[in-house]
Colleague: 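I'd like to ask some things about the structure below.
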Amino acid sequence: MSSQRKQYPFPEFEPKWQQQWADTQAYRTPNPGEAGFDAAKPKYYVLDMFPYPSGEGLHVGHPEGYTATDILARWHRMRGYNVLHPMGWDAFGLPAEQYAVKTGQHPAVTTAKNVERFKKQLDRIGFSYDWSREVNTTDPDYVRWTQWIFLQIYNSWFNPATNRAEPISTYNGKDPDSVRLAYVAEMPVNWCQELGTVLANEEVVDGKSEVGGFPVERRPMRQWMLRITAFAERLLDGLDALDWPESIKLLQKNWIGRSEGAFVDFTREGSGEKFTVYTTRPDTLFGATYMVLAPEHPLVAQITAPEQRKAVDDYIKAVASKSERDRQDASKEKTGVFTAAYAINPVNDARIPVWIADYVLTGYGTGAIMAVPAHDDRDHAFAEKFSLPIIEVVRPPQPVEGCFTGEGTAVNSGILDGLPTAEAKNKITAWLAERGLGRATVQYKLRDWLFSRQRYWGEPFPVVWENGRHRAVEETELPVRLPELADFKPTGTAEPPLSKAADWVKYSPTATRELNTMPQWAGSCWYYLRYCDPKNAKRFIGEDAARYWLGDGKQKPGGVDLYVGGTEHAVLHLLYSRFWHMVLHDLGHLPTPEPFQRLVNQGIILGTDGQKMSKSRGNVVNPDEVIDEYGADAFRLYEMFMGPLEQMKPWSMKGVEGVYRFLARVWRLVMTENQEGEWQLSDAVAEIDPSPSQLRVLHATIKKVTSDLGTLSYNTAISQMMVCTNELTSAEKRPVSALRTLLVLLSPFAPHMAEELWSKLGAKFADFEGSAHGQTWPTHNESLLVENEVEVVLQINGKVRDKMVVAKDASREQLEAAARAHEKFAAQIGGKEVVKVVAVPGKLVNFVVKG
RNA sequence: GCUCGGGUGGCGGAACUGGCAGACGCGCCAGACUUAGGAUCUGGUUCCGUAAGGAGUAAGGGUUCGACUCCCUUCCCGAGCACCA
């Protein structure tokens, strides 16, 4: 099949143009201050989510977003923008390290090999990246600045008074280490013995490691944390001004998980210890019939009565051995143990039992709750199981079955009786505050970011330990390079692999290096900044470059103008990036408050079987094979023609053939085969004026393609170009001016063919100077679109009965008269009584008749 | 369970602000050219019906002169979150 003759000679001209673009650095974009920079032009920063260069190479899902952004980049260049369109590599990560463990090859070696392969594959597709800006997160020059940014975070704190990150020097407290945005804490983590590392929650699936499927257990370990929770409110508020899909904003909102409620202090009967609980329903306080502490709550050991000690200890042990997933399964039956302690409810002095149960989580609120079984599903289930009392304190507006958790009217609640829920909340919160028994508060589900990994292939922390305390290394020591290691294998203990590099570990006679490395997110948190100024040796991004490419942040949040990538990064990557960006902005290093103004998610491309592509299913489509067969332009065009960018859709080789045929028709508009089977300029191309209908289609195409590019509706833009091509194909003589315009429109989509035909036409006709992609984007002439006569629909009771042609500006009255004069249509109305006539000029006439 | 998306021909998908449902492409059918066609070109192609005509955008109801589009109910598919008090 591949030996079959191609319908147009893309195997020759596609590599030719790619070579020429590379040789002439056609897509190099100068920075402010550099030769060739035109300050008068507006900027457009269009960004792809950079790939992890895996050993598998590209599959057809990668280039979907890349093609979309490439078309936009090319389009904006033609519209007079300075376009920043870069690419790079997110090259740290577990797979490279595991491969290294298996083969003994250094991950840097395999990474370099994979990068080369990815780059070659991308170049075959004809993307207009400015490769002079390529970044690689594992490059020491890049790692230097990742570490530098970490130090900015380490050396700052969140000042609640200003609601901003500030240098740690502005903190007046005793222990700066307790407020740093990067801090060390003992945390329960996902430990995978087999992989010898902690894993992020999202790397754990069904209690097993996503990579390899090894068991994962919870164990407390000393870890580096980043204080992202301090920014919860700003991360939430900032979303409003971003042009992101509402669904993604919602995901982030849910992840941040803001809730309003109150802290309420209960006291232990007798000894008087304070149990502070968090509740979103302080109005139900009178219905609290017991309390529950998380098993890990610090007061548990202290309050447990001797007769219950064994049961409590056994329960705590059992909970600790459970995986996080087992514990958090909401559908399982409730478990818990009575501590034999009692607490006093501050509003009515009721004496209620204190239990421990694993349905109360230690990391949220205060790790303790008041249980209101009448109005909370979980408390209800627990109370039923352990036969605890249930007291109704909220009357539903309408009678309901089972546990009522909605809003209603307070009952059995003393001073609150008769109040609707919202008022009851306010009243009781104020009542508690007056007496020093509670206060209103806001809580977030968001947790601080676990930032350390026990891996080799990541950025070392620029931190050393001395006398049990951590401190930053000098900036002049950056980058802190990874030591050469012959053996990357896990140590089999919690000790990171870097511990094996004895010389490296020993920083000074009294100090040792931090042995953990940063997670893969670190490099991807700020790569979009480095692209702006990739060679800057003095700063992570130069001020002029930042101000130009990101904007001043005054009109809009600014940053990257368009960011395209998959939904898998909807929460973590995008949230982490926003967090780092905010800190750097607060500290005065960046002009804009947000990194990404507009975000678009491309949908997943499924295999030809409609299933998700995977090696095990054997349905992975490799772009190289498609390009061998149909060429890069057809590949690009099909990726965009499949359907809406954001939608999930299956791959179809027949579909590729369809756009391939379209491109072949475009080719034959200009070229024809001679007797010897060689392609030559067609005689049908002539310097004649386009016909009115050709002109109309051409300008309709300019209009549609332009507006569709604005909304990323590539599929309909392409279909309009097909319409235009079909119109020109059917003509005996093809006006060269129309072909010229079509090629300009086509050039962002199918750049090789546009360029090739442009140069072929240029050999004979004037007005083909330079290159197709160097042309100014055309504008349509609206007056050419309007026709003098339009077809309007004739309806009876909203049903189409006939059609007629009238002058385009016919009035309502004229339309009605014309309809009545329309013989066939008038006959259908017959003698029926016309109740009403609706006439919409240019569209239709509708007769509403009786009977 | 909760929260978002989404259900349109044989298939991928079009349809502006409520105004001719099915653009464009695939597939299929017929024809032309041809030694040949899995190349190309031309025409057709939602369904039922020979036709006139009728039905039709997951199902049912509503608003409207008019609904794929707006409202209500139900079903199905996809994604995310999942004991967050």
Side-chain angles (χ1 to χ4, degrees), chain A residues 1 4-5 7 245-251 253-255 257-259 261 277-281 284 292 294 325 327-332 334 357-361 363-372 375-379 381-382 405 443-447 567-568 570-571 601 603-604 610 637-638 641-644 646-662 664-665 668 673 704 707 713 715-723 725-726 729-730 791-803 835-840 842-849:
Chain A
M1 181 128 169
Q4 195 186 318
R5 190 164 190 277
Q7 289 201 30
E246 283 307 315
S247 58
I248 300 297
K249 289 189 186 181
L250 200 67
L251 286 180
K253 280 180 195 166
N254 291 342
W255 190 262
R258 184 183 197 275
S259 78
V277 305
Y278 172 67
T279 177
T280 55
R281 292 297 299 270
T284 62
V292 186
R325 182 177 167 89
R327 179 168 169 179
Q328 293 202 346
D329 184 358
S331 60
K332 71 165 186 170
K334 295 278 178 288
D358 67 353
Y359 82 90
V360 174
L361 307 174
Y364 183 77
T366 59
I369 61 157
M370 63 174 205
V372 184
H375 305 293
D376 181 280
D377 288 323
R378 298 149 300 180
D379 297 345
F382 192 84
T405 59
Q443 295 290 303
Y444 300 93
K445 283 201 260 183
L446 185 68
R447 308 295 164 87
T567 2
E568 65 272 22
V571 176
N601 291 117
I604 295 170
L637 217 55
Y638 178 65
F641 186 64
M642 294 173 79
E646 285 155 282
Q647 192 170 303
M648 184 187 289
K649 45 213 178 277
W651 187 267
S652 152
M653 282 302 177
K654 284 288 185 191
V656 184
E657 276 182 48
V659 294
Y660 176 62
R661 281 203 278 264
F662 159 64
R665 277 206 302 282
R668 289 192 308 266
E673 261 177 304
K704 180 115 182 90
S707 73
S713 309
N715 53 331
T716 50
I718 292 166
S719 87
Q720 182 62 41
M721 288 191 282
M722 290 173 167
V723 170
T725 301
N726 292 346
T729 298
S730 61
E791 193 181 59
V792 300
V793 175
L794 299 172
Q795 297 181 328
I796 295 174
N797 291 343
K799 291 196 172 172
V800 181
R801 293 294 149 170
D802 221 315
K803 290 167 191 178
V835 181
K836 186 175 172 185
V837 177
V838 182
V840 182
K843 298 266 186 205
L844 57 82
V845 188
N846 185 19
F847 282 71
V848 185
V849 304

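These numbers were taken from a predicted model, which means no experiment stands behind them. Per chain, numbering begins at 1; letters A, B, ... match sequence-line order.
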Colleague: For atom C1', what is the distance between B/U57 and B/G18, given to the nearest Å?
Modeller: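 Their C1' atoms lie roughly 15 Å apart.
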
Colleague: Report yes if a side-chain nitrogen or oxygen of A/Arg661 is closer than 4.0 Å to either non-bridging phosphate oxygen (OP1 or OP2) of B/C24; otherwise report no.
Modeller: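 Result: no.
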
Colleague: With P as the reference atom in both, quote the distance from B/U74 to B/U3 in angstrom, rounded to an integer.
Modeller: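 Approximately 13 Å lies between the P atom of B/U74 and that of B/U3.
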
Colleague: Sticking with atom C1', work out how far B/G66 lies from B/G80, rounded to a whole angstrom.
Modeller: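 Their C1' atoms lie roughly 39 Å apart.
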
Colleague: Using a cut-off of under 3.5 Å, enumerate the N/O to N/O pairs linking the protein to nucleotides 60-67 of chain B.
Modeller:
{"from": "B/C65", "atom 1": "O2'", "to": "A/Asn846", "atom 2": "ND2", "distance (Å)": "3.2"}
{"from": "B/C65", "atom 1": "O2", "to": "A/Asn846", "atom 2": "ND2", "distance (Å)": "2.6"}

Colleague: Looking at A/Phe382, I'd like to know if the NZ or CZ of A/Lys334 sits under 6.0 Å from its six-membered ring centre while staying within 45 degrees of the ring's axis.
Modeller: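 Cation-pi check for A/Lys334 and A/Phe382: fails.
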
Colleague: Have a look at A/Ser652 and say if it touches a base, only the backbone sugar-phosphate, or nothing, with a 4.0 Å heavy-atom cut-off.
Modeller: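 No contact.
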
Colleague: Kindly say if A/Lys654 contacts the phosphate of B/G27, meaning a side-chain N or O under 4.0 Å from OP1 or OP2.
Modeller: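 Affirmative; the distance criterion is met.
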
Colleague: Taking only side-chain N and O atoms of A/Tyr364, does any of them lie within less than 4.0 angstrom of OP1 or OP2 on B/A85?
Modeller: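 A/Tyr364 to B/A85 OP1/OP2: side-chain N or O found under 4.0 Å.
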
Colleague: Would you check if A/Tyr359 and A/Ile369 make a side-chain contact, meaning some heavy-atom pair closer than 4.5 Å?
Modeller: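 With C-beta onward as the side chain, the pair touches.
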
Colleague: Pick base, sugar-phosphate or nothing for A/Val723, based on heavy-atom distances below 4.0 Å to the nucleic acid.
Modeller: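 It contacts sugar-phosphate atoms only.
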
Colleague: Please determine if a side-chain N or O atom of A/Asn726 lies less than 4.0 Å away from the OP1 or OP2 oxygen of B/G25.
Modeller: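 The answer is yes; a side-chain N or O of A/Asn726 sits under 4.0 Å from OP1 or OP2.
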
Colleague: With rounding to the closest Å, how many angstrom separate the P atoms on B/A15 and B/G7?
Modeller: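 Going atom to atom, P in each nucleotide, I get 12 Å.
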
Colleague: Does the pair A/Gln795 and A/Asp802 meet the rule for a side-chain contact (heavy atoms from CB on, under 4.5 Å), with working shown?
Modeller: CA-CA 7 Å; A/Gln795 297 181 328; A/Asp802 221 315; over 6 Å; no

Colleague: With side chains defined as the heavy atoms from C-beta onward, is the minimum distance between A/Lys704 and A/Thr716 less than 4.5 Å?
Modeller: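 When only atoms from C-beta onward are counted, A/Thr716 and A/Lys704 do touch, with a gap below 4.5 Å.
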
Colleague: Backbone N or O of A/Ser259 within a donor-acceptor pair of the A/Lys445 side chain at under 3.5 Å?
Modeller: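 Not confirmed, A/Lys445 side chain does not pair with A/Ser259 backbone.
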
Colleague: Do side-chain atoms of A/Tyr638 reach the backbone of A/Ser652 as a donor and acceptor pair under 3.5 angstrom?
Modeller: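 Yes, because the side chain of A/Tyr638 sits within donor-acceptor range (under 3.5 Å) of the backbone of A/Ser652.
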
Colleague: Could you work out the separation of B/G10 and B/G22 based on their C1' atoms and round it to a whole Å?
Modeller: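 It comes out at 14 Å once rounded to the nearest Å.
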
Colleague: Phosphate oxygens OP1/OP2 of B/G25: is one of them under 4.0 Å from a side-chain N or O of A/Arg665?
Modeller: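 Yes.
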
Colleague: Measuring only the P atom in each nucleotide, how far is B/C2 from B/C24? A whole number of Å is fine.
Modeller: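 Those two atoms are separated by 44 Å.
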
Colleague: Are any of the side-chain heavy atoms of A/Val849 and A/Asn797 separated by less than 4.5 Å?
Modeller: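 The answer is yes, as the side chains (C-beta and beyond) meet within the 4.5 Å cut-off.
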
Colleague: Just checking A/Met648: base, sugar-phosphate only, or nothing, at a heavy-atom cut-off of under 4.0 Å?
Modeller: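 Touches sugar-phosphate only.
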
